[in-house]
Amino acid sequence: MAVSEEECSSAKSRSSSPASSSSTHYLAKCVLKGSVVLQVLYGHIRSPTYLDVVFGKETSIELVIIGEDGIVQSVCEQPVFGTIKDIAILPWNEKFHVRNPQMIGKDLLVVISDSGKLSFLTFCNEMHRFFPLTHVQLSNPGNSRHQLGRMLAVNTSGCFIAASAYEDRLALFSISMSNGSDIIDERIIYPPEHEGDGSIGRSIQKNSIRGTIWSMCFISQDPNQPSKEHNPVLAILLNRRGEVMNELLLLGWNMRECSVFVISHCREAGPLAHNIVEVPYSYGFAFLFRVGDALLMDLRDAQNPCCVYRTSLNFLPNSVYEPNLAEESCRVHDVDDEGLFNVAASLLELKDCDPMCIDGDNGNVSSANKHVCSWSWEPEIHKIPRLIFCVDTGEFFMIEFFFDSDGPRVNLSECLYKGLACKALLWVQGGYLAALVEMGDGMVLALENGGLHYTSPIQNIAPILDMSVVDYHDEKHDQMFASCGVAPEGSLRIIRSGISVEKLLKTAPIYQGITGTWTVRMNVTDSYHAFLVLSFVEETRVLSVGLSFTDVTDSVGFQPDVCTLACGLVSNGLLVQIHQNAVRLCLPTKVAHSEGVPLSSPVCTSWFPDNLSISLGAVGHNMIVVSTSNPCFLCILGIRLLSAYHYEIYEMQHLRLQNELSCISIPQKHFEKKQSSSSVNWVKSRVDAFPVGVDISRTFAVGTHRPSLEILSFLPDQGLRVLASGMISLSNTMGTAIGGCIPQDVRLVLVDRLYIVSGLRNGMLLRFEWPDASKMTSSELPIYQPISDSLVNTDAALSSKIVPTSFSPQLGEANLFEKTDDYPVNLQLIAIRRIGITPVFLVPMSDSLDADLIALSDRPWLLHTARHGLSYTSISFQPSTHVTPVCSVECPKGILFVAENSLHLVEMVHSKRLNVQKFHIGGTPRKVLYHSESRLLLVMRTELSNDTCSSDICCVDPLSGVVLSSFKLELGETAKSMELVRVGIEQVLVVGTSLSSGPAIMPSGEAVSTKGRLIVLCLEHVQNSDTGSITFCSKAGSASQRTSPFREIVGYATEQLSSSSLCSSPDDTSCDGVKLEETEAWQLRLAYSTTWPGMVLAICSYLDRYFLASAGNSFYVCGFPSDNPQRMKRFAGGRTRFMITTLTSYFTRISVGDCRDGVLFYSYHEDSKKLEQLYCDPSQRLVADCILMDVDTAVVSDRKGSIAVLSCSDQLENNASPECNLTLCAAYYMGEIAMSIRKGSYSYKLPADDVLNGIDLSHNTIIASTLLGSIIIFIPISREEHELLEAVQARLVVHPLTAPVLGNDHNDFRSRENPVGVPKILDGDMLTQFLELTSIQQEAILSLPPGSSETVKSSLKPHLPSPVPVTQVVQLLERVHYALN
């Protein structure tokens, strides 16, 4: 596990614990963004012809697509550096005028947040992120309930916007239709400021909106109806102070007189109304959702609103009836009259129904309390609008709204689906419905055959209530076991950096000495691969791809006794094998493939180089390229048909090279359409992406030992041409050249534009781009020519035009080498990334030019091609030597890794895009611990649906998620805390409980007077030969023996993280994947139990021989005399003023956190058996969790979303007293509540890099998990690094490309809830944006002076005399990015 206090106590003392933690500077980086989706939207975000889905989260915005297979795929996710309160789509209107033509036809996002601003965002395809168009100040920053910024409403035409406060106030905005620069034309606030006086009369108050605004929407008006003017009408649901029922108000905005007035208001009799929703394209109709029913309101005459249909939600699904309109009209108040008149009372009241009770439990199955909790309209425009909604019982229904001869009518469907209650729904094109659950996984449902059917999950790991960090030291990679969700969706999640893979097959370790792997199709147009080629040092084997991999080497025709350098499909049915001595063309037989030649043996022919050895080769469509070394030649080969089944390989051109080639790559296909493409007109953009004069079908790329990259083209009638060249010359910040920059692999990629990706032998990844022709002068535009004598220029300056000196025309046709002064295009080096320390191989996931790549170095990465710059994600798989995609009928997205002499067939599953593996265990998992001896997880669960108990402690297998055993608590008893405590050489589990079901804390912060229980459990293993499919190690408790990670469990395919996963020890006898006959089971046995005078909310171990436990606002030092777990003794006790929420220790230091006074430091004197308070928190805080980094430093999170570093290292302990305050060393406002913080092992120092030196602070890393599902890491950095990055951050927070997108002041946001002047923790999310910029943009940002936006805009303040070095910043941030992934 991660460094624990018990381990540290034996290795460190106070004298050996420097005050480094207190003086350490931190960088905060969110490695897993929150998964709680509060709003879901649908619109033309990236293009006018393509619809995207937007997930509005509290602290970020995510753009996703739902593919044709119903799987949600993330396009990008962007932190907003603020808190989103509401978000809506502003649809494009043909009357709009925009300055940027790229915005025509695209929808905008409208966001209100804690910045106090109304923000308009647009998506930039080039930068692959959202940018603000403008901000409109509504109120002061913050979360005041009286300030505007709680709820949004946009009318269907996109012409008007409404923004409300929590209560009493709203604002209306009209969108500008002129050519001006402002988006907002007019705005008005209602009620006006002068009406805020409390002496307003009753009649005026009735016509105001004093109260809580529950819901609002615009009511569209028929544009075809004759009217002098169309003023917007806004419907709001209002709860006035002191009133039980909600009231429906209709507001009008007189545009000419610039005034807002109440048109009418009505309060229907019956249950509580909670939402008002407009019926699209109906012009005046809206649904009023109430507890137990839904009313169709006719609001065409705003002065006389009435109900025309009532749909009951409490009876049969089709119990919809038309009400008697004369009797069921609402009570309407016409504000134009002086007096109020009454109409007939509504007959819609429900019997025995409390209108304020939504979740009542009256024991009646047909409860009258069903209410609509989410809904979505059909995206396609039809004459009959259709609405799918979900009620709080998890049932889904559809409503159809239409007109007949009798007027408007409503049809309610049968129940379409029964699941969990959803917080948000989105109906998208293609018949899919995205259903988001508040505290559990969402889902994509398909509408077909009159019902909804489950298709795929939408992962939501929130809330994370606890986590246990397991550190695999040989990999320095933490793996988190998190307790997530609430009942009934409680689960354990295994959280890893990168992309999860699902292991499908693993062979025995019999594949030693593999030098290469390829998959080959039989025909160019085949959808699936036909053969898997494995090359060994002195052998080649060809296997058929299918349910079983069968050896068909003899039937294919490949020479079996050689090492294959390359192979591929040169034409339909023609396979090519390249080895050291020859190029071999083969026609497989029908035995190897159903479309093979009908002969007894394959037809083969070969081409041999003249007394030379082939070193490299590549196979493309109708073209073969090979090279030799010493001497260096490049040969272009072709094939031609001589007779039936007989072909010839012939040489089309060869030439002498000045530099040896290091790699060759030939594109296989032009491209295939990807749904994630951001182009507007997809086909046209792909044609325009090709540089002028480039025929991609005859183009290939090579890397040379110069080192350089060359893009070449071969035409039979013109010969070989050099299209572009890129020199590779890299240096570190000291100016020293970086060695090992020889290209190991190179790939041409086409996404929006053509670019080149190359992996180097030193573990670096480069991206070159073709220069933009629009930005080149006519003299710079290339004239592509054959290789000529003018290209032989070894003395060309690197700063001038780079010429490809790799080729010398000593051999070839003389007429191809006409001399010319034109040089090839110079490729532009756009981005550099280090992804490892071993050579980087690039393997495309498919044959298309826009396919994502697997970058294989000392660990595998997924390189995203559809990104600006280099974007890659770690694949959670062990280090591998080779990889190739395998596409078959049974496994269309398979990937074959070669690792540890075995073949591993895996699949990357899009549903695991957060790289989180889920084990559903039921209930609400409150706490999770990892027991190292048994290799099991100990989980504390509450809210179990069990007749005998509602809470237990269970043992879970971390490989399968199977609950092996459990200890059930007494009926009515709830587990509150637990901790592993050492007793002698063993460990026991100490559990704290509550014997009452009420709250633990009074509103004042004091402890509730109740009882609790302290339980001591022993974890014992017993022989069990009847465990079914569960397999255990043959020797229990052995530190080197663990369960096999490759055993099969129904419904679960395990995955191995690396050589240091749960099956990593060299002497692990269970690592061969063989199921052992003798197995062991573990169970929890009760050793001791006692009743305590309060809830036991906190427990922690202390000094390896004691433990600390709380009871209300008291805590005690306890132990086990004579190391007997059946005897427990209290040695000392302490008391705080308020309820204790956390206890933690480090060596002799004790930290106590309560719900008001914050963190208190104590010391225990063993001689006198007394506790002494030493230091106290300088601020009041409700502690959520706390850890001690050393004896002087505590890191604490609170319930307001902040994390703080407190220290006493600058004070002498012998002078300490309870009046001594701890020093607040650093603070950071996350905007999310971290319920669990842990230490973790982390290092961003690369083993192959010695540029930056410093002490190893890897074990001082802080990992925080939040209620929104985020994982945030706080990384210790040196003072020099902090100063460097602080200067960068000061520029990023005000630059238009990287400033907070919602208009927040970044410094104010990150300093919220903390005293002024506290040292800053750097924002890694802000700094990471620097890596997404081009080199020119990076230099432009760093050349700006730091400070406010006014400072940046001012031209009077000079630039800094010594600018921040770009290369040093990039190198440091890349280290952080590399280590986090």
Side-chain angles (χ1 to χ4, degrees), residues 494 496 498-521 527-536 540-553 592-593 843-846 854 856 859-860 862 875-912 915 917 957-962 1029-1031 1042-1059 1061-1064 1068 1070-1076:
I494 302 177
R496 303 180 178 94
I499 300 174
S500 293
V501 297
E502 182 178 4
K503 181 174 285 294
L504 304 177
L505 175 69
K506 174 183 179 282
T507 66
I510 59 176
Y511 295 92
Q512 293 88 357
I514 288 183
T515 60
T517 60
W518 302 268
T519 44
V520 185
R521 289 175 168 83
S527 300
Y528 304 109
H529 291 116
F531 306 107
L532 170 65
V533 181
L534 303 177
S535 174
F536 300 84
T540 294
R541 295 170 62 185
V542 183
L543 308 178
S544 65
V545 175
L547 287 174
S548 61
F549 289 81
T550 307
D551 194 329
V552 292
T553 306
H593 194 274
V843 180
M845 296 292 291
S846 69
I854 293 181
L856 198 63
R859 65 179 70 180
L862 181 66
I875 301 174
S876 295
F877 194 78
Q878 62 199 97
S880 307
T881 57
H882 299 86
V883 63
T884 184
V886 178
C887 181
S888 64
V889 177
E890 298 79 18
C891 183
K893 297 180 181 180
I895 304 171
L896 189 75
F897 285 94
V898 180
E900 298 178 348
N901 301 325
S902 297
L903 303 182
H904 304 258
L905 182 61
V906 304
E907 187 176 19
M908 290 188 293
V909 185
H910 288 292
S911 61
K912 297 181 180 180
N915 190 27
Q917 189 175 6
D957 180 8
L959 295 176
S960 64
V962 175
S1029 63
I1030 302 173
T1031 306
R1042 311 175 188 181
T1043 59
S1044 168
F1046 303 112
R1047 58 187 173 77
E1048 293 185 0
I1049 297 222
V1050 177
Y1052 169 72
T1054 60
E1055 63 182 84
Q1056 190 175 3
L1057 187 63
S1058 72
S1059 59
S1061 67
L1062 293 180
C1063 180
S1064 61
D1068 192 345
S1070 65
C1071 284
D1072 55 1
V1074 178
K1075 193 170 183 179
L1076 304 178

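Bear in mind the structure is a predicted one, so any value in this text is a computation, not a measurement. If you read the sequence from its start, that first residue is 1, and numbering goes on from there.
Across Ala899 and Ser880, no two heavy atoms sit closer than the pair CB-OG, 3.8 Å. Scanning all heavy atoms of the two residues, the minimum distance from Ala530 to His593 falls at CB-CD2, 3.5 Å. The two residues Val843 and Pro885 come nearest to each other via the heavy atoms CG1-CD, 3.6 Å. Considering all non-hydrogen atoms of both residues, Ala592 and Phe531 come closest at O-CE2, 3.6 Å. The minimum heavy-atom distance between Ser888 and Val545, with the atom names listed, is CB-CG1, 3.7 Å.
Atom CZ in Phe536 sits 4.5 Å away from atom CD1 in Ile514 (nearest 0.5 Å). Taking NE2 of His529 as the reference point, atom CG of Leu896 lies at 11.5 Å (rounded to 0.5 Å). For the atom pair NE2 of His904 and CG of Leu504, the computed distance is 12.5 Å after rounding to the nearest 0.5 Å. Going from atom OG1 of Thr517 over to atom CG of Leu903 covers 8.5 Å, rounded to the nearest 0.5 Å. Rounding to the nearest 0.5 Å places OG1 of Thr550 at 8.0 Å from CG of Leu543.
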- Query: Is there a side-chain contact (heavy atoms from CB on, under 4.5 Å) between Thr884 and Leu532 once you walk through the steps?
  - Reply: CA-CA 9 Å; Thr884 184; Leu532 170 65; 4.1 Å; yes
- Stepwise, does the side-chain contact (heavy atoms from CB on, under 4.5 Å) test hold for Tyr511 with Arg541? CA-CA 11 Å; Tyr511 295 92; Arg541 295 170 62 185; 4.0 Å; yes
- Query: What do the steps show when you test Thr553 against Thr540 for side-chain contact (heavy atoms from CB on, under 4.5 Å), and what is the final call?
  - Reply: CA-CA 8 Å; Thr553 306; Thr540 294; 5.6 Å; no
- Task: Verify side-chain contact (heavy atoms from CB on, under 4.5 Å) between Met845 and Ile895, making sure each step is shown before the conclusion.
- Result: CA-CA 8 Å; Met845 296 292 291; Ile895 304 171; 3.5 Å; yes
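In terms of modelled atom types and a separation under 3.5 Å, the side chain of Thr507 and the main chain of Ser902 share no donor-acceptor contact.
When the ring pair (Phe, Tyr, Trp, His ring centres under 6.0 Å) test is applied to Phe897, the partners found at least two apart in sequence or on another chain are Phe877. Take Thr881 and apply the side chain to side chain contact (heavy atoms under 4.5 Å, CB included) test, not counting sequence neighbours, and it matches Val898.
Put simply, the side chain of Cys887 does not reach to within 4.5 Å of the side chain of Thr519, judged on heavy atoms.
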